[in-house]
Amino acid sequence: MAFKGTSIEILALIFILIAGIKIIVVLINPKTWLDNVVKKVYKESKLKILIFLILSLIVLYFLLKELTIVQILAVMLFLSLLTAVGILPFSKEISNIADKVYKDKNLIKKTLLPFIIWIILLIWGLKELFL
């Protein structure tokens, strides 16, 4: 029988498959994941930024069919905390990277789009909570 899930279930399945593949590959050979995914996917390009932005908007569209922005922001808090647990063992390396990033004179220019997106999401959430 074929899987016939809701849009949220399909998004969850996509995430489960990608995360499952990542875990298996990293357990077998972490360098394979680094060389074939991390270094290629996260190599900076305007096209990749556009693709990730479009995919984010598509996912948000489907999430908003079943969830509120407040629920999505609460999940983002959960994910942020879980991410912190994952990167804390590398706090010294992350701190060194952060020092380098914050010394960049073009920091605001490079991060303007994400800042604008975060501000929109935060204001949207506050509006839903208090207005």
Side-chain angles (χ1 to χ4, degrees):
M1 179 152 58
F3 173 75
K4 294 181 182 179
T6 66
S7 57
I8 297 288
E9 291 169 339
I10 292 168
L11 292 173
L13 180 60
I14 291 168
F15 180 78
I16 290 165
L17 292 173
I18 293 170
I21 290 167
K22 176 186 176 180
I23 289 169
I24 291 167
V25 172
V26 169
L27 287 173
I28 294 170
N29 185 351
K31 187 158 175 28
T32 299
W33 186 261
L34 175 67
D35 292 341
N36 295 308
V37 179
V38 175
K39 288 184 178 179
K40 290 179 182 175
V41 171
Y42 292 104
K43 185 175 183 182
E44 185 183 356
S45 84
K46 302 237 185 268
L47 178 61
K48 286 182 185 173
I49 292 170
L50 181 62
I51 290 168
F52 277 113
L53 182 60
I54 290 169
L55 289 173
S56 297
L57 290 171
I58 291 169
V59 169
L60 181 62
Y61 170 79
F62 284 109
L63 288 174
L64 288 170
K65 287 182 158 221
E66 296 190 36
L67 301 171
T68 68
I69 191 63
V70 172
Q71 292 168 318
I72 293 168
L73 290 170
V75 170
M76 291 172 77
L77 173 62
F78 167 71
L79 181 59
S80 297
L81 295 170
L82 193 57
T83 300
V85 169
I87 65 172
L88 275 172
F90 306 98
S91 58
K92 182 177 179 183
E93 293 84 353
I94 297 292
S95 183
N96 291 337
I97 292 168
D99 285 339
K100 182 180 176 183
V101 168
Y102 281 96
K103 288 178 185 173
D104 186 339
K105 294 184 191 284
N106 294 315
L107 177 66
I108 300 301
K109 182 180 175 184
K110 289 180 178 179
T111 59
L112 187 59
L113 180 60
F115 267 116
I116 291 170
I117 292 168
W118 275 106
I119 290 167
I120 290 168
L121 290 171
L122 297 174
I123 291 171
W124 186 2
L126 285 170
K127 179 184 162 280
E128 291 298 316
L129 284 168
F130 295 105
L131 299 178

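The first residue of the sequence shown is numbered 1, and numbering continues consecutively from there. On a predicted model such as this, the values are computed, not experimentally measured, just so you know.
Under the 4.5 Å side-chain heavy-atom criterion for Ile, Leu, Val, Met, Phe, Trp and Tyr, I58 and L53 are members of the same hydrophobic cluster. Both I117 and V70 are members of a single hydrophobic cluster when ILVMFWY side chains are connected at heavy-atom separations under 4.5 Å. Placement of V38 and F52 within a single hydrophobic cluster is found when ILVMFWY residues are connected by side-chain heavy-atom separations under 4.5 Å, directly or transitively. In this structure, L63 is a member of the same hydrophobic cluster as W118, with clusters built from ILVMFWY side-chain heavy atoms closer than 4.5 Å. Grouping the Ile, Leu, Val, Met, Phe, Trp and Tyr side chains by contacts below 4.5 angstrom, directly or via other members, places M76 with Y61.
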Would you tabulate the side-chain donor-acceptor contacts of residues 82-89 under 3.5 Å, counting partners in other chains and residues two or more places apart, or write 'none'?
from : atom 1 : to  : atom 2 : distance (Å)
T83  : OG1    : L79 : O      : 2.8

Please tabulate, for side-chain N and O atoms in residues 9-33, each donor-acceptor pair with protein atoms closer than 3.5 Å (sequence neighbours left out).
from : atom 1 : to  : atom 2 : distance (Å)
E9   : OE1    : T6  : N      : 2.8
N29  : OD1    : K31 : N      : 3.2
N29  : ND2    : T32 : OG1    : 3.0
K31  : NZ     : D35 : OD1    : 3.3
K31  : NZ     : D35 : OD2    : 2.8

Name the atoms and distances for all side-chain donor-acceptor pairs under 3.5 Å in residues 124-131, with sequence neighbours left out.
none

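Closest approach of V41 to K48, counting heavy atoms only: O-CD, 3.3 Å.
Under the side chain to side chain contact (heavy atoms under 4.5 Å, CB included) rule, L73 has a single partner from V75, I69, L77, which is I69.
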Inset, instruction - Kindly determine whether T111 and V101 satisfy side-chain contact (heavy atoms from CB on, under 4.5 Å), including the steps that lead there. - result: CA-CA 11 Å; T111 59; V101 168; over 6 Å; no
Inset, instruction - Please lay out, stage by stage, how K46 and L50 fare under the test side-chain contact (heavy atoms from CB on, under 4.5 Å). - result: CA-CA 6 Å; K46 302 237 185 268; L50 181 62; over 6 Å; no
Inset, instruction - Would you please test L121 and I72 for side-chain contact (heavy atoms from CB on, under 4.5 Å) and show each step? - result: CA-CA 10 Å; L121 290 171; I72 293 168; over 6 Å; no
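Separation of atoms CG (L112) and CG (L107) is listed at 10.5 Å; rounding is to 0.5 Å.
Put simply, the side chain of K65 never gets that close to the backbone of I8: no donor and acceptor are under 3.5 Å apart. Between the S95 side chain and the S91 main chain, no donor and acceptor come within less than 3.5 Å of each other.
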